[in-house]
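One structure below.
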Amino acid sequence: MFAQVKYSKYHALGNDYLVISPENLAFELTPEKIQRICHRNFGIGSDGILFGPLPAKNAKFGLRIFNPDGSEAEKSGNGLRIFCRYLWDNQIVQEEEFEIDTLGGRVQGRVTESGRSVRVEMGRVSFQSEKIPVTGDSREVLQESITVADQIFSFCAATIGNPHCVIQLPEVTPEIAKQYGSLLEIHPYFPNRTNVQFMKVKDRQNIQIEIWERGAGYTLASGSSSSAAAAVAHKLNLCDSEITVHMPGGQIAIAISDDFTVTMTGSVTKVAEGLMSLEVFEY
Ligand SMILES: N[C@@H](CCC[C@H](N)C(=O)O)C(=O)O
């Protein structure tokens, strides 16, 4: 049993993740342990844990993605971009382009600028209720009504492996995301809970979003949220197919193909490498 756990920390536009390799871990990552590691006072602190590389059937590498509440996410855009950078930094890959398997499907990553910028082909966005999932009849979930607390919002829902609820408003603020995001995340319409984006369409090439992440809460940026919100803006013909997504932590470039396959490009920053003491689990 190791007395310490080796980790690497990165952020993508302020969305921060710890990468832990299975070879450096001698215990199971239970929800309680994940909550403690991600806790910003009692642990190292992060918006999630990337556990890999793991063996995979369909790709060179497998990756499991955990939220700070201990739940497992099918996909994470920033998480995947960070994991690509980690593989590159540690010379686990020599080629710039490679595939990673997640619970939410296989993605293709491409490292550029020595890892400072990473592009990921995230897969195909679907608005189909049973895929997201959203309760009720089989349909594309576009501009429907949802009531939370004192508000009725018009929303669209989408999946890119993980679920998203996109609400277009004339102005978006962190306060609105914090006030309504937690309620929408657990709304009965979404049996697997949902990530939530409040979206302002600035023009045909630019949107601004405020994010409430499933299992993580308010975050400064999210890659799958950027993908889902941009896909909704394009689907509603409010934006073209190349969209810059503005978030509190910075910008991500999204390109949407005719079949709604999304490619995402943005920066990744290395923060630290360290050794976590097992004492964090004692108190
Ligand atoms: N930060 C992520 C999304 C992480 C997963 C999400 N919280 C979920 O539960 O689906 C991103 O960059 O996509």
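Small disclaimer: the values here were computed from a predicted structure and weren't measured. For ligands, and for the atoms within them, numbers begin at 1 and follow the listed sequence.
Closer than 4.0 angstrom to ligand 1 sit non-hydrogen atoms from Asn15, Tyr17, Asn67, Ala73, Lys75, Ser76, Gly77, Asn78, Asn162, Asn195, Glu213, Arg214, Ser222, Gly223, Ser224.
Between the side chain of Arg214 and the backbone N or O of Asn192, at least one donor-acceptor pair lies under 3.5 Å.
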Between Asp16 and Lys9, is a salt bridge (charged side-chain N to carboxylate O under 4.0 Å, His left out) present by the stated rule, with each step listed? CA-CA 7 Å; Asp16 59 341; Lys9 182 166 178 169; 3.1 Å; yes

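A salt bridge links Glu185 and Arg193; the closest N-O separation between the charged side-chain nitrogens and carboxylate oxygens is under 4.0 Å.
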Quick one: side chains of residues 77-91, donor-acceptor pairs under 3.5 Å with protein atoms, not counting sequence neighbours, listed by atom name and distance.
{"from": "Asn78", "atom 1": "OD1", "to": "Arg81", "atom 2": "NH2", "distance (Å)": "2.9"}
{"from": "Asn78", "atom 1": "ND2", "to": "Asn15", "atom 2": "OD1", "distance (Å)": "3.0"}
{"from": "Arg81", "atom 1": "NH1", "to": "Gly266", "atom 2": "O", "distance (Å)": "2.6"}
{"from": "Arg81", "atom 1": "NH1", "to": "Ser267", "atom 2": "O", "distance (Å)": "3.2"}
{"from": "Arg81", "atom 1": "NH2", "to": "Ser267", "atom 2": "O", "distance (Å)": "3.4"}
{"from": "Arg85", "atom 1": "NE", "to": "Asp89", "atom 2": "OD1", "distance (Å)": "3.1"}
{"from": "Arg85", "atom 1": "NE", "to": "Asp89", "atom 2": "OD2", "distance (Å)": "3.0"}
{"from": "Arg85", "atom 1": "NH1", "to": "Val268", "atom 2": "O", "distance (Å)": "3.0"}
{"from": "Asp89", "atom 1": "OD2", "to": "Tyr10", "atom 2": "OH", "distance (Å)": "2.6"}
{"from": "Asn90", "atom 1": "ND2", "to": "Tyr86", "atom 2": "O", "distance (Å)": "2.9"}

Give the table of side-chain donor-acceptor pairs shorter than 3.5 Å for residues 107-120, with sequence neighbours excluded, one pair per line with atom names and distance.
{"from": "Gln108", "atom 1": "NE2", "to": "Glu97", "atom 2": "OE2", "distance (Å)": "3.4"}
{"from": "Arg110", "atom 1": "NH1", "to": "Glu97", "atom 2": "OE1", "distance (Å)": "2.6"}
{"from": "Thr112", "atom 1": "OG1", "to": "Ser117", "atom 2": "O", "distance (Å)": "3.2"}

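Every pair tested for salt bridge (charged side-chain N to carboxylate O under 4.0 Å, His left out) that includes a residue from residues 125-138 fails, sequence neighbours excluded, so the list is empty.
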